[in-house]
Amino acid sequence: MKHTPRPGIYRVRHLASGRSLLGGSVDAPAYLNRVRFELQLGTHRTSALQRDWTQDGPDAFTFEVLDDLKPDLAGRVSPDDLKELLALWQEKLNWSPQQAY
């Protein structure tokens with residue numbers, strides 16, 4: 001079975017603090033899998049996120065795709081469209097640097 005990438009906006013949220021890793025990817029579910037895997041291994045590059053994961057465990061986090069971005073007719077996603085969708089979600093969530101990992 002061939003994997004079909006799912007472009008979109010993702011969020012990893014620490015329930016206790018409300019802090020989130022928010023971003024866009026050409027394959028949001030795959031990116032979330034990568035983040036979860038790195039956290040489980042203890043190798044995630046965002047030290048504060050890794051620290052919270054190590055301290056509170058996986059049940060203290062949610063992993064979600066917030067929105068999908070449809071590829072063009074050739075199956076491509078514009079980086080600018082992904083950035084624009086991320087900016088819309090930052091506005092919708094009233095995003096601030098204090099909420100970010």
Side-chain angles (χ1 to χ4, degrees):
M1 181 182 225
K2 184 181 177 198
H3 174 75
T4 303
R6 185 176 157 203
I9 304 304
Y10 62 82
R11 177 169 63 171
V12 177
R13 186 166 50 118
H14 182 230
L15 299 172
S17 69
R19 291 195 300 176
S20 297
L21 179 66
L22 181 69
S25 173
V26 295
D27 194 346
Y31 189 82
L32 288 174
N33 286 338
R34 175 183 165 186
V35 169
R36 185 186 306 269
F37 183 71
E38 289 174 347
L39 289 168
Q40 290 169 343
L41 288 178
T43 61
H44 198 276
R45 62 194 160 277
T46 305
S47 59
L49 175 59
Q50 183 66 61
R51 186 174 46 253
D52 287 344
W53 176 275
T54 302
Q55 177 181 318
D56 298 337
D59 291 339
F61 289 84
T62 59
F63 291 73
E64 58 191 327
V65 175
L66 297 174
D67 205 349
D68 293 311
L69 185 62
K70 291 190 182 227
D72 63 17
L73 294 176
R76 295 182 305 255
V77 171
S78 162
D80 290 337
D81 289 347
L82 205 52
K83 286 179 187 175
E84 187 176 318
L85 186 58
L86 177 58
L88 290 172
W89 271 97
Q90 288 170 331
E91 184 178 321
K92 182 177 183 173
L93 295 171
N94 198 22
W95 188 251
S96 70
Q98 293 80 17
Q99 295 173 295
Y101 274 113

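We're numbering straight along the sequence, starting at 1.
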Between side-chain atoms of residues 90-98 and protein atoms elsewhere (two or more places apart, or another chain), which donor-acceptor pairs fall under 3.5 Å?
from, atom 1, to, atom 2, distance (Å)
S96, OG, Q98, OE1, 3.1

* If every non-hydrogen atom of V77 is compared with every non-hydrogen atom of P7, which pair is closest and at what distance? -> CG2-CG, 3.2 Å

* Asked: Are W53 and L49 connected, step by step, through hydrophobic side chains (Ile, Leu, Val, Met, Phe, Trp, Tyr) whose heavy atoms are closer than 4.5 Å?
  -> yes

* Hydrophobic cluster identity match, Y31 and L22, side-chain contacts under 4.5 Å -> no

* Which other residues belong to the hydrophobic cluster containing L41, where Ile, Leu, Val, Met, Phe, Trp and Tyr are joined when side-chain heavy atoms lie under 4.5 Å apart, directly or via other members? -> F37

* Compare all side-chain heavy atoms of V12 with those of H44 and state whether any distance is below 4.5 angstrom. => no

* Working to the nearest 0.5 Å, report the span between CG of L82 and CD of E84. => 10.5 Å

* Residues two or more places apart in sequence or in another chain: which of them pass ring pair (Phe, Tyr, Trp, His ring centres under 6.0 Å) with H14? -> F61

* Please list, chain by chain and in numerical order, all residues satisfying side chain to side chain donor-acceptor pair (under 3.5 Å) with D27, sequence neighbours excluded. => H3

* Quick one: CD on Q50 to CG on D52, what's the gap to the nearest 0.5 Å? -> 9.5 Å

* S17 versus Y101, closest heavy-atom pair with distance -> OG-OH, 4.1 Å

Without placing hydrogens or testing angles, list every side-chain donor-acceptor pair under 3.5 Å for residues 63-72, not counting sequence neighbours.
from, atom 1, to, atom 2, distance (Å)
E64, OE2, R11, NE, 2.9
E64, OE2, R11, NH2, 2.8
D67, OD2, W89, NE1, 3.0
D68, OD1, R6, NE, 2.6
D68, OD1, R6, NH2, 3.3
D72, OD1, A74, N, 2.9
D72, OD1, G75, N, 3.0
D72, OD1, R76, N, 2.8

* Look at the side-chain heavy atoms of Ile, Leu, Val, Met, Phe, Trp and Tyr, link any pair under 4.5 Å apart, and say whether V35 and Y10 land in one connected group. => yes

* Could you pull out all residues at least two apart from R13 that satisfy salt bridge (Lys or Arg N to Asp or Glu O under 4.0 Å)? => none

